[in-house]
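Shown next, in C-alpha cells, is the structure this report addresses.
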Amino acid sequence: ITGWYCRVVAGGELRRGDELVVVERPAVPVTVATFWRIVQMHRPPVADLERLAAIPGLATGWRRRIEERLAWLAANPGVDSIK
C-alpha cells in the first residue's frame, strides 16, 4: 500500500526532528494510485501514458519504460494479446 512518494535528488543525513519541506509540486499532479493504475493496465490509453511520461522529476527508468511502451503500442495498434 502506497501513500506518498519522495525522490532523493541529493544524498545527505537526516536526524530526528529535522524538517522536511516540499520544494516543488507539479502543476498537474498525478497520484501514485493513478500512476500504478495506468502502468498496470493491459492496454492503457496513449494519452494517459504520454501524461505519465511528461511528469516532471519522473525517474529516468520509469520514463524510458513508459516511452518504450508507447512505441510498442504505436507499432502494434491492433494487438490485444501476446500469443
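If you read the sequence from its start, that first residue is 1, and numbering goes on from there.
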Subject >> Which atom of P44 lies closest to which atom of R69, heavy atoms considered >> reply: CD-NH2, 3.1 Å

**OP:** Check whether NZ of the Lys or CZ of the Arg R65 lies under 6.0 Å from the centre of the six-membered ring of W62 and within 45 degrees of that ring's axis.
**Re:** yes

**OP:** Could you check if a side-chain atom of L20 sits within less than 4.5 angstrom of a side-chain atom of L14, using non-hydrogen atoms only?
**Re:** yes

Original post:
Looking at F35 and L52, what are the two nearest heavy atoms and their distance?
Top reply: CD1-CD2, 3.7 Å

**OP:** List the atom of L49, the atom of I66, and the distance in Å for their closest heavy-atom pair.
**Re:** O-CG2, 3.3 Å

Original post:
Which pairs with one or both residues in residues 9-21 pass salt bridge (Lys or Arg N to Asp or Glu O under 4.0 Å), sequence neighbours excluded?
Top reply: E13-R15

Original post:
Less than 4.5 Å apart, any side-chain heavy atom of W36 and any of T31?
Top reply: no

Subject >> Ion pair E68/R64, N-O distance below 4.0 Å >> reply: yes

Subject >> Minimum-distance pair of heavy atoms, taken over all atoms of I38 and R51 >> reply: CD1-NH2, 3.7 Å

**OP:** Indicate the atoms forming the closest heavy-atom contact of P45 with M41, along with that distance.
**Re:** CD-CE, 3.9 Å

**OP:** Please report the shortest heavy-atom distance between A53 and E67, naming the atom on each side.
**Re:** CB-CG, 4.4 Å

